[in-house]
Amino acid sequence: MLIQKPKGTYDLLPEKARQRYFLEKRVREIFNIYNYSEIRTPTFEKTELFKRGIGEETDIVSKEMYTFKDNEFTLKPEMTAPVIRAYIENNLGNESPLQKLFYICNMFRRERPQAGRFREFSQFGAEAIGSSDPYIDAEMIILADSIIRSFGIEDSVIKINTIGTAAERETFFREFKGYLSGFLKELSADSQRRYVINPLRILDSKVQGDLEILRDAPVLYNFLNDETKRNFQSILDILTQSGIEFETDNRLVRGFDYYTSTTFEFVSEALGAQNALLGGGRYDMLVQQLGGKPTPAIGFAAGIERLLMVMEAKKLLPDSDDNLKLFIVSMNKECKKFSFKLADRLRKQGVKCETDFLGRSLKAQMKEANRSNSEYVIVIGDEELKNGTANLKRMSDGTEIRMNDFDNIKNYLFK
RNA sequence: GCGAGCAUAGCUCAGUUGGCAGAGCGUCAGAUUGUGGUUCUGAAUGUCACGGGUUCGAGCCCCGUUGUUCGCCCCA
């Protein structure tokens with residue numbers, strides 16, 4: 001039986017690996033410009049970190065984690081909890097009252113794979129820890145937007161909401177559940193389940209019957225106190241001043257327990273059912289919950305596979321421009337000895353070049369040079385060895401340049 | 001965890017009422033022996049996902065397994 005890759009994983013073959021490198025490089029550049037510094041954390045963490053960080057009752061923790069048999073450790077299903085753990089453990093708050101961090105890494109969730117969803121997947125994201133300034137909320141969204149836009153994705157829609165503090169939600173839930181109790185039997189099975197586990201998520205329902213019931217339901221926003229509302233309004237104002245287009249969506253709620261106040265999502269029509277390209281929000285209680293001092297924080301995470309899917313669909317991925325400079329063709333074994341040394345010398349001068357390793361015919365080597373998009377070809381035969389001259393052929397138009405100094409080929413190549 | 005579809009050459013896919021395993025692309029070789037692309041000629045490559053069953057006979061029908069795709073849930 002052939003050994004296959006685990007379900008929901010993928011091999012990144014050279015072309016795809018190059019596209020991903022392109023994406024990661026650009027992402028790093030933009031994070032750097034916004035003064036976010038990279039952080040890397042272990043691939044696995046204490047299981048307890050995710051239970052306390054994300055919430056026991058969330059889908060991720062309750063059924064999607066890759067936990068080792070002894071239950072002590074779990075492959076990370078997301079990065080916010082590990083970053084906060086590292087922040088607390090390394091006393092980063094003492095170094096500077098505001099830490100702006102970013103990450104690019106892969107993570108693991110045991111879900112059924114489908115379009116835009118994998119069991120091992122990659123995200124890049126940012127966390128700004130230490131500030132509750134609405135300007136940092138705005139910066140986070142502007143940063144996310146400029147990354148998305150830098151890839152040429154213009155039609156991604158930004159949705160923003162505020163879900164208030166835990167205390168504000170408590171009073172809302174009392175009213176909300178009171179209202180829904182009258183319609184309990186008419187709600188969809190999923191929403192009936194959520195009624196018990198996480199009533200907030202009922203707001204997210206797309207079932208027609210639920211939508212009708214929700215139409216007259218109490219609105220979370222009305223239960224938020226003035227400060228929360230003012231704060232939210234400031235964020236929206238700053239975004240508007242910054243020229244960011246967005247939609248407020250008072251039904252946008254997210255699946256992690258740690259979110260407070262601001263939540264946002266970037267969605268794209270080019271994706272399938274899993275249309276969220278990027279998601280994030282404020283989590284002012286998490287640092288404290290994980291044993292640190294009370295510290296406000298906000299972050300986002302973007303799905304790299306989904307981003308690449310959109311870019312592929314919109315043909316925004318660049319072709320490789322990293323071609324061979326020179327292909328050295330050898331006529332026979334004696335010439336190959338010379339070619340190999342020549343290639344080695346050129347490579348040490350930083351010239352990307354290649355020679356034949358299959359003992360193939362002149363024609364086959366020429367074809368190989370053509371296939372690999374080599375800019376120049378040089379044929380090394382007995383005459384060249386004897387005379388110390390050769391023709392450099394430019395493959396784009398077939399013209400040949402006379403070359404009579406093997407020690408200075410580089411000068412001919414870059415003329 | 002639940003539902004539906006799919007599985008044939010390296011890739012994309014045909015394959016009729018059950019009757020010799022196919023095409024295009026790619027790969028390799030050649031077209032008077034030191035010059036690629038275009039063209040032409042030829043060649044190689046298959047446990048028809050795996051395991052059972054029905055049948056004289058199964059790529060095709062039935063059952064199971066695995067993989068995969070798309071949904072649900074949830075998320076990036």
Side-chain angles (χ1 to χ4, degrees), chain A residues 1-10 13 54-55 57-65 77-80 103-125 144 148 156 188-191 193-194 197-198 201 204-207 253-256 264-268 271-280 299-310 327-332 335 358 360-384 390-400:
Chain A
M1 188 68 165
L2 187 71
I3 299 173
Q4 295 173 301
K5 64 188 178 327
K7 186 196 286 285
T9 63
Y10 53 84
L13 303 184
I54 304 172
E57 297 305 321
T58 59
D59 279 28
I60 287 183
V61 171
S62 64
K63 59 187 196 198
E64 295 172 2
M65 294 210 299
E78 62 105 48
M79 263 304 265
T80 301
Y103 57 84
I104 302 177
C105 72
N106 40 353
M107 34 206 100
F108 310 85
R109 291 179 200 169
R110 199 190 176 86
E111 302 177 87
R112 271 292 268 278
Q114 76 185 67
R117 176 193 288 167
F118 301 89
R119 288 185 162 187
E120 180 177 8
F121 61 102
S122 308
Q123 296 183 333
F124 62 81
I148 300 292
S156 151
S188 65
D190 279 332
S191 287
R193 196 169 43 80
R194 293 175 185 139
I197 300 168
N198 186 355
R201 292 221 59 92
D204 207 23
S205 177
K206 288 137 201 145
V207 180
V253 292
R254 302 183 47 75
F256 298 152
F264 57 92
E265 225 171 68
F266 287 38
V267 297
S268 169
L271 293 165
Q274 312 306 320
N275 68 348
L277 208 50
L278 181 153
F300 76 82
I304 290 179
E305 291 81 3
R306 291 186 189 175
L307 206 48
L308 289 169
M309 267 173 80
V310 173
F327 193 101
I328 304 165
V329 173
S330 311
M331 294 304 295
N332 57 46
C335 298
L358 298 171
R360 298 212 279 185
S361 67
L362 166 70
K363 188 189 180 89
Q365 292 183 60
M366 287 302 294
K367 280 183 139 179
E368 184 59 38
N370 186 60
R371 194 203 336 261
S372 54
N373 280 317
S374 185
E375 191 177 341
Y376 291 96
V377 168
I378 188 168
V379 177
I380 305 297
D382 294 333
E383 284 177 37
E384 283 79 3
N391 286 338
L392 267 176
K393 180 167 185 174
R394 189 163 63 202
M395 296 297 273
S396 57
D397 56 9
T399 58
E400 301 198 2

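So that the names make sense, note that chain A is the first sequence line, chain B the second, and so on, each numbered from 1.
Atom CD in A/E78 sits about 18 Å away from atom P in B/C74, given to the nearest Å. Here the C1' atom of nucleotide B/G36 and the CE atom of A/M395 are 4 Å apart, to the nearest Å. Rounding to whole angstrom units, CD1 of residue A/I3 and C1' of B/U66 are separated by 15 Å. Spacing between atom CE of A/M309 and atom C1' of B/U69 amounts to 12 Å, rounded to whole angstrom units. Atom CE in A/M65 sits roughly 15 Å away from atom C1' in B/C74 (whole-Å rounding). Separating the CG atom of A/L271 from the C1' atom of B/C74 is a distance of 16 Å, rounded to the nearest angstrom. Look at NZ on A/K7: it is 4 Å from P on B/G67, rounded to the nearest Å. Here the C1' atom of nucleotide B/U38 and the CG atom of A/D397 are 17 Å apart, to the nearest Å.
For B/C70, neither phosphate oxygen OP1 nor OP2 lies less than 4.0 angstrom from any side-chain nitrogen or oxygen of A/Q114. Taking only side-chain nitrogens and oxygens, A/R194 comes nearer than 4.0 Å to OP1 or OP2 of B/C74.
Base contact: A/F118 has a heavy atom under 4.0 Å from a base atom. Residue A/R110 is classed as having no contact, given no heavy-atom separation below 4.0 Å to the nucleic acid. Residue A/R117 is in base contact, counting any heavy-atom pair closer than 4.0 Å across all strands shown. If you check every strand for non-hydrogen atoms under 4.0 Å, A/A276 touches sugar and phosphate atoms only. Nucleic acid contact class of A/S191 (heavy atoms, under 4.0 Å, all strands): none.
Considering only residues two or more places apart in sequence or on other chains, A/Q274 meets the side chain to side chain contact (heavy atoms under 4.5 Å, CB included) condition with A/Q114, A/R117, A/R306. Not counting sequence neighbours, A/E64 has no partner by the side-chain hydrogen bond (donor to acceptor under 3.5 Å, both in side chains) test. Here A/F121 pairs with A/M107, A/R109, A/F118, A/Q123, A/E305 under the side chain to side chain contact (heavy atoms under 4.5 Å, CB included) rule; sequence neighbours left out. Under the side-chain hydrogen bond (donor to acceptor under 3.5 Å, both in side chains) criterion, A/T9 pairs with no residue, sequence neighbours left out. Taking the side-chain hydrogen bond (donor to acceptor under 3.5 Å, both in side chains) definition, one finds that A/N373 meets it with nothing, sequence neighbours left out. Under the side chain to side chain contact (heavy atoms under 4.5 Å, CB included) criterion, A/M65 pairs with A/T47, A/F50, A/I60, A/V61, A/T67, A/T74, A/P77, not counting sequence neighbours. Every side chain to side chain contact (heavy atoms under 4.5 Å, CB included) that A/K63 has, sequence neighbours left out, goes to A/D59. Taking A/R201 as the reference, A/D204 meet the side-chain hydrogen bond (donor to acceptor under 3.5 Å, both in side chains) condition, with sequence neighbours excluded. Looking at residues two or more places apart in sequence or on another chain, you find a ring-ring contact (aromatic ring centres under 6.0 Å, His included) between A/F256 and A/Y258.
A donor-acceptor contact shorter than 3.5 Å is absent between the side chain of A/R119 and the backbone of A/R112. No donor-acceptor pair closer than 3.5 Å links the side chain of A/S330 to the backbone N or O of A/N332.
The P atoms of B/U32 and B/U69 are separated by 48 Å, rounded to the nearest whole Å. Nucleotides B/A23 and B/A9, compared at atom P, are 13 Å apart to the nearest Å. Comparing B/G42 with B/G5, their P atoms sit 44 Å apart, to the nearest whole Å. Comparing the P positions of B/C63 and B/A4 gives an interatomic distance of 13 Å, to the nearest angstrom. Distance check on atom C1': B/G59 versus B/G19 gives 13 Å, rounded to whole Å. Spacing between B/G18 and B/C48 at atom C1', rounded to whole Å, works out to 15 Å. Taking atom C1' on both nucleotides, B/C13 is separated from B/G46 by 15 Å, rounded to a whole Å. Only the C1' atoms considered, B/U17 is 32 Å distant from B/C70, to the nearest whole Å.
Here the side chains of A/V377 and A/M366 are in contact, with some heavy-atom distance below 4.5 Å. Side-chain atoms of A/L307 and A/I148, non-hydrogen and from C-beta on, do get closer than 4.5 Å to each other.
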Nucleotide-resolved protein contact map, nucleotides 25-35 of chain B, B/S/- at heavy-atom distance under 4.0 Å = --SSS-B--BB
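Looking at RNA chain B, the stems built from 3 or more consecutive Watson-Crick or G-U wobble pairs, each pair with its key distances under 3.5 Å, are B:1-7 with B:66-72, B:10-13 with B:22-25, B:27-31 with B:39-43, B:49-53 with B:61-65.
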Contact list (N/O, under 3.5 angstrom) for nucleotides 3-12 of chain B vs protein:
from	atom 1	to	atom 2	distance (Å)
B/G3	O6	A/R112	NH2	3.4

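Mapping A/G8 and A/E265 onto RNA chain B via the closest heavy atom, the residue that lands nearer the 5' end is A/G8. Two residues, A/F121 and A/G272, neighbour RNA chain B, and the one matched to the more 5' nucleotide by heavy-atom proximity is A/G272.
The two residues A/M79 and A/C105 have their closest heavy-atom pair at CG-SG, 3.6 Å.
Between the base of B/G37 and the side chain of A/N370 there is no donor-acceptor pair shorter than 3.5 Å. Evaluation of atom-type donor-acceptor distances gives no pair under 3.5 Å for the side chain of A/R109 against the base of B/C74. Within 3.5 Å, no donor on the side chain of A/E111 pairs with an acceptor on the base of B/C73, nor the reverse.
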